[in-house]
Amino acid sequence: MITYPSTHGVYEESIIEICNIIHENGGQVYMDGANMNAQVGLTSPANIGADVCHLNLHKTFAIPHGGGGPGIGPICVAAHLVPFLPGNPLVAEAGGEKAITAISSAPWGSAGVLAISYAYIAMMALRA
């Protein structure tokens, strides 16, 4: 698991090489999406080589920590992991070909959190 840039704001110059070494040795790279806003316009989890990335709402989408929780954000996966995304017994479109059973009652998260994010962005005087 990596956080990029680091919690201290450091952009590791060798991040792509590090991810390549992990892949060459049979590993997967999980990226903590806590600092996704710091990547905008510079890079992306796909460019770096991350296989899985969760987007933290408390930083990336201006939601207060705990106001829906950072864990409520989307989980992004590389193409080779799409077949393994969790399914949902009530939503045929959810999940991949080799889906595991549902891990949440809401297959695409909670839409209610969007209003909170929008309100905080508006209060910061940014226009969505």
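All values below come from the heavy atoms of this structure, side chains included, with hydrogens, waters and symmetry mates left out.
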| said: Quick check: do Ile48 and Gln39 have side-chain heavy atoms less than 4.5 Å from each other? | reply: yes
| remark: Closest non-hydrogen contact found for Pro45 with Cys53 is CG-SG, 3.9 Å
Output a table of donor-acceptor pairs, distance under 3.5 Å, between side-chain atoms of residues 11-19 and any protein atom two or more places apart or on a different chain; print 'none' if there are none.
{"unit_1": "Tyr11", "atom_1": "OH", "unit_2": "Ala38", "atom_2": "O", "d": "2.6"}
{"unit_1": "Glu12", "atom_1": "OE2", "unit_2": "Ser14", "atom_2": "N", "d": "3.3"}

| task | Can you tell me which residue pairs pass the side chain to side chain donor-acceptor pair (under 3.5 Å) test with a partner in residues 20-30, sequence neighbours excluded? | result | His23-Asp51, Gln28-His80, Tyr30-His54
| Can you hop from Leu42 to Ile2 via hydrophobic side chains spaced under 4.5 Å? | yes
| query | How about Met31 and Thr3: do any of their side-chain heavy atoms sit closer than 4.5 Å? | reply | no
| query | Quick one: OG on Ser6 to CG on Asp32, what's the gap to the nearest 0.5 Å? | reply | 11.0 Å
